[in-house]
Number of protein chains: 2
Amino acid sequence: MSKSSNDSSVPTRLIHDTCLCLHTQRAARALARRFDEAFRPLGLTSGQFSLLNAMNRETPRSMGEVAAILAMDRTTLTANLKPLERQGLMKITVDAQDRRSRKLILTAAGKKLLRAAAPVWKRTHAALEREAAAAMSGIDIPNLRAGLRAIA
Amino acid sequence: MSKSSNDSSVPTRLIHDTCLCLHTQRAARALARRFDEAFRPLGLTSGQFSLLNAMNRETPRSMGEVAAILAMDRTTLTANLKPLERQGLMKITVDAQDRRSRKLILTAAGKKLLRAAAPVWKRTHAALEREAAAAMSGIDIPNLRAGLRAIA
DNA sequence: CGTAAATATATTGATATCAACTCTTTTGGC
DNA sequence: GCCAAAAGAGTTGATATCAATATATTTACG
């Protein structure tokens, strides 16, 4: 006889221990909280920091380009831009070459905030790498990044 | 003179390429979409699947325990339980030993849904691992999981 | 040229996420 | 036993996420 409560061919325990989706969500939540806290004095979240970064270039990107870079749904990007635009950190302009497309442009305030956030990021990321090394001896951070890219 | 637009000591490009927070968020979004799609015929999201899994045990867990397992804020868990409870997949009971605490208990419907979802998970995860191997030759999935645990 | 298909984005509705705050219950010091 | 501190959970408000759907613009075909 099999056990009464867990007779599935794929036990709960195996799924919990194995699932890359769960492991990635767990890490994503933990890292978001950590960077959110670090950026809080600047009135910025971790996601907003990544988003501003993706827009910080000479040649403005379109919504679709930024959404692809962040592996984010286009409609999520539309929503995420609203608070940034409201705070005057960036603006959305119609692309003159293709009037369906939008160019996402950082304002001076947005660039200034990014400059202020950069050392916070550097400090926080360095601490994260130190702790990761302590938690997992011989952790290979570049390899971890490559693995994350492979599953994204 | 330094360049006019990017004179920060930490260039945007370096942050974009390096940031583990961004890489993890990207992967988390992509995997959530993928598993959400696979579970859709069952009316389940990837997060709900992980949550039901965390509650599937003989000895019920409390909210705090489940939140810790998922690296999730306690208040997020409260919110996430609402649709599951409404759909009759689980119920929340007061712990008789400690009336502050809640025991999270899967219903028969919840267990049945989990059993139906298990093969979907198995299939989807196997496909993910295949594609990850194709994207990154020599990818070490157990090592990737360990790295995710180290940063969570 | 004109229209159907494709492309780029926006809106709506549901769930997810967390900080700040509140409420209830338990624990510890006395 | 009493009361302050601690612990567990719920509520509110803001942002994040995506599917389904809608709108505007461009492209392609005839």
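Heavy atoms only: backbone and side chains are in, while hydrogens, waters and symmetry mates are out. Note that the structure is a prediction, hence the values are computed from the model and not measured. Letters go in sequence order (proteins before strands), and every chain restarts at 1.
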Between A:Phe49 and A:Trp121, how do the two ring planes meet: parallel, tilted or perpendicular, split at 30° and 60°? parallel
Check B:Glu65 with B:Lys103, please: is the shortest side-chain N to carboxylate O separation under 4.0 Å? no
Give the rounded distance in Å between these two atoms: CG of A:Leu77 and C1' of D:dT15. 14 Å
Write down the distance between CZ (B:Arg100) and P (D:dA5), rounded to a whole number of angstrom. 16 Å
If we ignore hydrogens and angles and just use 3.5 Å, is the side chain of B:Thr76 paired with the main-chain N or O of B:Met72 as donor and acceptor? no
Taking only side-chain N and O atoms of B:Ser101, does any of them lie within less than 4.0 angstrom of OP1 or OP2 on D:dG8? no
For atom CE of A:Met63 and atom P of C:dT11, their distance in whole Å: 10 Å
Hey, does B:Thr76 reach any base, or is it just sugar-phosphate, or nothing, if we go heavy atoms under 4.0 Å? base
Tell me which nucleotide among C:dT9, C:dT25, C:dT17 gets nearest to the side chain of A:Arg29. C:dT17
Among C:dT9, C:dT15, D:dA16, the one nearest any side-chain atom of A:Arg102 is C:dT9
Separation of B:Ile92 atom CD1 from D:dA9 atom P, in whole Å? 10 Å
Distance in angstrom units between A:Met72 CE and D:dA19 P, rounded: 13 Å
Can you check whether B:Gln25 has a side-chain N or O nearer than 4.0 Å to OP1 or OP2 of D:dA16? no
Under 4.0 angstrom, heavy atoms only, what part of the nucleic acid is B:Gly47 near: base, sugar-phosphate, or nothing? nothing
Output the rounded distance in Å from CZ (B:Phe39) to P (D:dT17). 20 Å
Earlier contact from the 5' end, DNA chain D, for B:Arg74 and B:Ala79: B:Arg74
With distance as the sole criterion, do the side chain of A:Arg99 and the base of D:dT25 form a donor-acceptor contact below 3.5 Å? no
Closest approach of B:Leu113 to B:Leu42 (non-hydrogen atoms, all atoms of both residues): CD1-O, 3.9 Å
Would you please confirm or rule out a distance under 4.0 Å between OP1 or OP2 of D:dC18 and any side-chain N or O of A:Thr75? no
Salt bridge or not for B:Asp17 and B:Arg13, using N-O below 4.0 Å? yes
Need to verify one output field. Residue with the more 5' nearest nucleotide on DNA chain C, A:Glu65 or B:Ala96? A:Glu65
What is the distance, to the nearest angstrom, from the CD atom on B:Glu85 to the C1' atom on C:dT15? 16 Å
Identified side chain to side chain contact (heavy atoms under 4.5 Å, CB included) partner of B:Leu104 from the options B:Leu52, B:Leu51, B:Ile92: B:Ile92
State whether A:Asn80 places a side-chain N or O below 4.0 Å from either non-bridging phosphate oxygen (OP1 or OP2) of D:dT17. yes
Testing C:dA10, D:dA20, C:dA16 for proximity to the side chain of B:Arg40, the answer is D:dA20
In whole angstrom, what separates A:Arg33's CZ from C:dA19's P? 7 Å
Kindly say if A:Lys82 contacts the phosphate of C:dT11, meaning a side-chain N or O under 4.0 Å from OP1 or OP2. yes
